[in-house]
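Below you'll find the structure, written out as C-alpha cells, and then a few comments.
Just so you know, these numbers come straight off a predicted model, no measurement behind them. Letters go in sequence order (proteins before strands), and every chain restarts at 1.
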Amino acid sequence: MFETLVPGRPPDAAAWLDDLNPEQLAAATHPGGPLLILAGAGTGKTTTLCARVAWLVSQGTAPERIMLLTFTRRAAREMLQRTRALVAMPAGHRGVLGGTFHSLAHRFVRMHASALGLAAGFAVLDAGDGADLLDLIREEHGHAQRDRRFPKKSTLQDIYSRTVNAQRTLSEVVAECFPWCEEHVESMAAMFKAYTARKRSLGVVDLDDLLLYWRALAADEVIGPATEDGFDHVMIDEYQDVNGLQADIVSGLRRRSDNVTAVGDDLQAIYGWRSASPQHILEFPDRFPGTTVLKLERNYRSTQPILDTANAVAVQATRSYEKRLRSDREDGPPPALVFCRDESEQADEVCARVLEAREQGMELRQQAVLMRASHDSDLLELELTRRHIPFVKYGGLRYLEAAHVKDLIALFRLLDNPANELSWFRVLQLLEGVGPVTARRTLDALVAGPAAAADPLGAWPQARDHLPAAARPGADSVVEALRAARSATGAGVQAEGLRDALAPLVSSRYPDGAVRLIDLEQLAAAAREASDLGHFTAELALDPPQSSADLAGPPHLDEDYLVLSTIHSAKGLEWAAVHVLALYDGNFPACMSAGTSESIDEERRLLYVAMTRARRRLYLHVPVRYYHRPKGNDDAHGYGKPSRFLTEEVQRTCEVVRRAEVGGYEATGRLPRKITVSPDSLFR
DNA sequence: TGGTCGCCAATTTTT
DNA sequence: TTGGCGACCA
C-alpha cells in the first residue's frame with residue numbers, strides 16, 4: 001500500500017482528482033502556504049477538503065502530520081470517514097488527527113495536564129454543570145434566588161462564556177450584549193473570579209477552559225513549537241464560525257510554518273451568539289500574509305430555482321465576499337410559499353406534503369423539517385405521532401440535560417473524585433426530605449470534615465448524621481455502591497453497580513421513573529464500551545449524544561424516518577426536500593435578535609443556510625396567525641407578519657401554493673379566548 | 001421558624 | 001425542566 005503513496009507521485013495519476021472541477025482541483029492541489037477556500041453552500045466543500053488531504057498524503061505528507069479541525073463532531077466524523085475511503089493508509093501510520101476544536105483541545109490539555117497544574121484524570125464540566133457551579137457561587141455571594149433582578153444562572157453562564165470566547169472585557173460584553181445586566185457588572189466580575197478559582201481548586205475545567213488552555217499551550221515557549229512541529233498542515237472547516245479564541249489557537253499553531261488551509265462561507269456564519277465572528281474569515285488574509293484565496297461557486301446540490309431564492313435572501317446582507325451560487329443541476333419547480341392559517345394548519349400541511357412525496361417514492365429520510373427554535377415543531381410532533389409518521393429530532397432538549405441522566409453522571413464523577421461537591425450536591429438532593437440546605441450541610445461534613453482529606457467517603461459516618469432518618473438507608477446504599485465500584489474493574493461493571501444504586505431513587509423521585517430507568521440502562525451500556533469511566537464522562541461532555549437512541553448506536557439505520565432539526569444542527573447536511581417552519585416576524589427573525597443589525601444579519605444567514613440544505617424541493621411555511629402567550633395575557637393569539645426576509649424580491653422567486661383563508665372572527669380582529677370544556681361540574 | 005414539597009408558568013440557537 | 005410562590009411538617 002505504502003508504495004502507491006510515496007512522495008513524488010504525480011497528482012494527476014490519482015483517479016479521485018479527475019472528479020473535481022477546475023476550482024476544486026486548484027484548491028485540492030495547492031502546494032503550500034496559507035490557503036483560504038471560500039466555498040458556497042453545496043459546492044463540494046467536504047469533497048475538496050478530503051481530496052486535499054488525499055493529495056497531501058500522495059505528496060508524501062504523513063497522515064498523522066495533518067490536523068483537521070471541524071466545528072461539529074458530526075462533520076469531523078464524516079470528514080475522517082471520507083478521507084479514509086480516499087486515502088489508503090500507509091502501513092505503520094496513524095490516520096489524520098481530526099476533531100472539533102474542543103475535542104482536540106481536550107487531547108492536548110490531557111497530554112500536558114501537569115504543566116497546566118491539572119491532575120491526570122481531570123473532569124470536564126459540560127454547560128449544565130458549569131451553570132450549576134455558578135449558581136452555587138451566586139448563593140455564596142449572597143445573591144439569593146429571590147433577588148429577582150440578578151441574572152439567573154443560564155444568563156450568567158452566557159455572559160461568562162461570551163466574554164471568554166470573545167476575549168473582551170466583561171463590561172464591554174455586558175454593555176453591548178446584555179445591557180439590562182449592567183448594574184451588576186461588579187458583582188458578576190467577583191463571581192466569575194470565584195468561579196475560575198473554584199474550578200481550579202476542584203481540579204475541573206469547563207468547555208471554555210479547554211480552548212483557553214490550548215491557546216496557552218500553543219503560546220508556550222517550549223510546548224508551542226513542539227506541538228507546531230508535529231504538524232505539517234493545519235486545516236480548519238467552517239472557518240466563518242470560529243471565535244477570537246479559536247482564531248488565536250490557529251495562529252498559535254502556525255507561527256513557524258504557514259501551511260494552513262481554511263474553508264468557509266461567510267454567508268453561513270450563524271454562531272455570533274457564541275462570540276464567533278465572520279470578521280475572522282474576512283481577516284484571514286491579513287493574519288496570514290500571502291494567502292491564496294480560491295472560490296467555489298458551482299453548486300452541485302440544489303436546483304437553480306432554489307438557489308435563486310437563496311441568493312435573493314443573501315443579497316440583502318451588508319458585508320460579505322462577493323459570490324453567487326450557480327447550479328449545476330437540472331431545473332426544477334420553484335420553492336413553495338405556504339401561507340397557513342395557524343401553526344396547527346402548518347402541521348397538517350407538512351404532514352400532507354411529506355406523505356405525498358413519499359407516495360411518489362421519496363423516502364422519509366430524504367425529507368427534513370427545519371426550524372429556528374426547537375419548540376417550533378411542538379404541534380408538528382404531536383401530529384406526526386398521531387398519524388404514526390416516524391421521525392427523529394435533532395437539537396433542542398438534549399439527552400444529557402435530562403435530570404436523571406445528570407444524576408447518574410454525577411455518580412460516575414464521584415467515583416473518579418469523591419470530593420466533587422457539585423456531584424454530591426446533586427445526588428444528595430435526590431433523597432427523601434433533602435433539599436439544598438441539608439445537602440449543603442451534609443456535603444460540607446463530607447468534604448471539609450477532619451477525615452475528608454484522605455478520603456471523603458471515610459467521613460461518611462459523621463456526614464450521614466445531617467440527613468433526616470428517612471433518607472439514610474438510600475444514602476447508605478449509594479455510598480456502599482461507590483465503595484464497591486472503586487474496587488471493581490471495568491467501566492461497565494462500575495457503571496452498572498452505580499446505576500443499580502441510583503435506580504430506586506430515580507423511580508421514587510420522578511413520576512415517570514420507569515421510562516427514565518431505560519435511559520440509565522442505555523447510559524450504563526454505553527459505558528461498557530469505554531476503557532475508563534472518567535474518560536467516558538469527559539467524552540460525553542464534549543460529544544453529547546443528541547438523543548438516547550443516538551447513545552444506543554444506530555439501530556434505525558435501515559428504518560425510514562423524517563428528520564426534524566433546528567437549523568443550527570442541520571449545518572452541513574442536505575435533503576431532497578426541506579420544509580422550513582414558522583417564518584413569521586418575531587419568530588424568524590426571533591424578536592430577541594431584532595435589536596442590532598448584526599443579529600438580524602445573522603438570522604438572515606440562518607434562513608440562507610436552511611434554504612440551501614434543499615436539493616429539489618423547498619417549502620417555506622408562514623403561519624398567518626400564531627399562538628403565543630405574552631405574560632399573563634390570556635388573549636394569546638396574534639397576527640403574524642411574514643418574515644421580513646421574505647421580501648417581494650424573494651417572493652417573486654417562489655410559487656404561492658396556498659393562501660390562508662382569512663374570514664370569520666379573524667377578519668373582525670376579535671379573537672376568541674381560550675375555550676375550555678370540562679364536564680367536571682357533573683361529578684360532584 | 002427553617003426547610004421541603006407541590007403546583008403553577010415559561011423556555012433561541014450549541015461545543 | 002427550571003424557578004417562583006404558598007402550604008405543610010419537625
Side-chain angles (χ1 to χ4, degrees), chain A residues 69-76 99-106 124-128 130-132 135 144-148 152-155 157-158 161-162 164-165 206-211 238 241-243 245-246 270-276 370-376 378 394-398 400-406 429 431-441 468-471 509-512 516 539-544 546 565-571 582 586-594 599 602-603 605-607 609-610 628-634 636:
Chain A
L69 285 161
T70 62
F71 204 72
T72 63
R73 192 61 189 235
R74 227 172 183 178
T100 61
F101 272 95
H102 288 87
S103 70
L104 288 198
H106 184 224
V124 179
L125 302 179
D126 69 21
D132 287 347
D135 209 34
Q145 302 279 329
R146 66 171 188 284
D147 193 350
R148 188 96 55 88
K152 55 180 192 178
K153 66 175 177 184
S154 54
T155 314
Q157 198 189 23
D158 271 2
S161 185
R162 232 173 132 129
V164 171
N165 280 288
D206 65 17
L207 292 171
D208 300 324
D209 289 333
L210 286 174
L211 298 183
E238 310 276 16
D241 284 323
V242 301
N243 59 39
L245 204 43
Q246 292 163 322
I270 54 175
Y271 280 94
W273 48 276
R274 232 175 61 186
S275 296
L370 305 183
M371 57 266 176
R372 172 69 185 85
S374 95
H375 65 250
D376 288 338
D378 287 353
Y394 292 93
L397 231 193
R398 278 168 306 285
L400 280 193
E401 279 158 46
H404 55 294
V405 175
K406 288 201 215 163
Q429 286 187 81
L431 299 163
E432 192 67 38
V434 177
V437 180
T438 313
R440 177 89 250 172
R441 280 181 201 142
R509 180 83 180 72
Y510 306 98
D512 54 345
R516 292 171 187 259
E539 288 292 316
L540 226 43
L542 296 171
D543 181 20
Q546 304 270 355
S565 175
T566 58
I567 299 169
H568 285 91
S569 299
K571 196 163 79 153
N587 189 64
F588 202 160
C591 49
M592 345 260 297
S593 310
S599 55
E602 181 155 312
E603 297 278 309
R605 293 190 294 264
L606 199 56
L607 179 57
V609 169
H628 84 40
R629 220 178 267 258
K631 54 178 154 193
N633 184 359
D634 214 24

Query raised in the report: With sequence neighbours excluded, what pairs up with A:Arg440 under the salt bridge (Lys or Arg N to Asp or Glu O under 4.0 Å) test?
Result: A:Glu140, A:Glu421, A:Asp444

Report summary line: Contacts of A:Lys406 meeting salt bridge (Lys or Arg N to Asp or Glu O under 4.0 Å) (sequence neighbours excluded), chain-then-number -> none

Query raised in the report: Whole-Å distance between C:dG4 P and A:Asp135 CG?
Result: 9 Å

**Report entry** Interatomic distance where CZ belongs to A:Arg274 and P belongs to B:dT12 [whole Å]
**Finding:** 17 Å

Report task. Could you list the residues that satisfy side chain to side chain contact (heavy atoms under 4.5 Å, CB included) with A:Ala276, not counting sequence neighbours? Result -> A:Tyr271

What residues form a side-chain hydrogen bond (donor to acceptor under 3.5 Å, both in side chains) with [X], not counting sequence neighbours?
| X | result |
| --- | --- |
| A:His568 | A:Trp273 |
| A:Asp208 | A:Ser161, A:Asn165 |
| A:Glu602 | none |

Report task. State which residues pass ring-ring contact (aromatic ring centres under 6.0 Å, His included) with A:His106; sequence neighbours excluded, sorted by chain then number. Result -> A:Phe122

Query raised in the report: Does the ring of A:Trp273 lie flat against the base of B:dT13, closer than 5.5 Å centre to centre with planes under 30°?
Result: yes

Side chain of [X] - closest among [options]:
| X | options | value |
| --- | --- | --- |
| A:Lys406 | C:dT2, B:dT14, B:dT15 | C:dT2 |
| A:Val437 | B:dT4, B:dT15, B:dT13 | B:dT4 |
| A:Lys153 | B:dT12, C:dG3, B:dT15 | C:dG3 |
| A:Ala590 | B:dT15, B:dT14, B:dT12 | B:dT12 |
| A:Thr438 | B:dT12, B:dG3, B:dT14 | B:dG3 |

Requested in this report: Give a yes/no answer on whether the side chain of A:Thr566 brings an N or O atom under 4.0 Å of OP1 or OP2 in B:dT12.
Outcome: no

I'd like a list of close polar pairs between nucleotides 6-10 of chain C and the protein, N/O only, cut-off under 3.5 Å.
none

Every protein N/O lying under 3.5 Å from an N/O of nucleotides 5-7 of chain B:
from	atom 1	to	atom 2	distance (Å)
B:dC5	OP1	A:Gly433	N	2.6

Requested in this report: Can you tell me, in whole Å, how much space there is between the P of C:dC5 and that of B:dT11?
Outcome: 16 Å

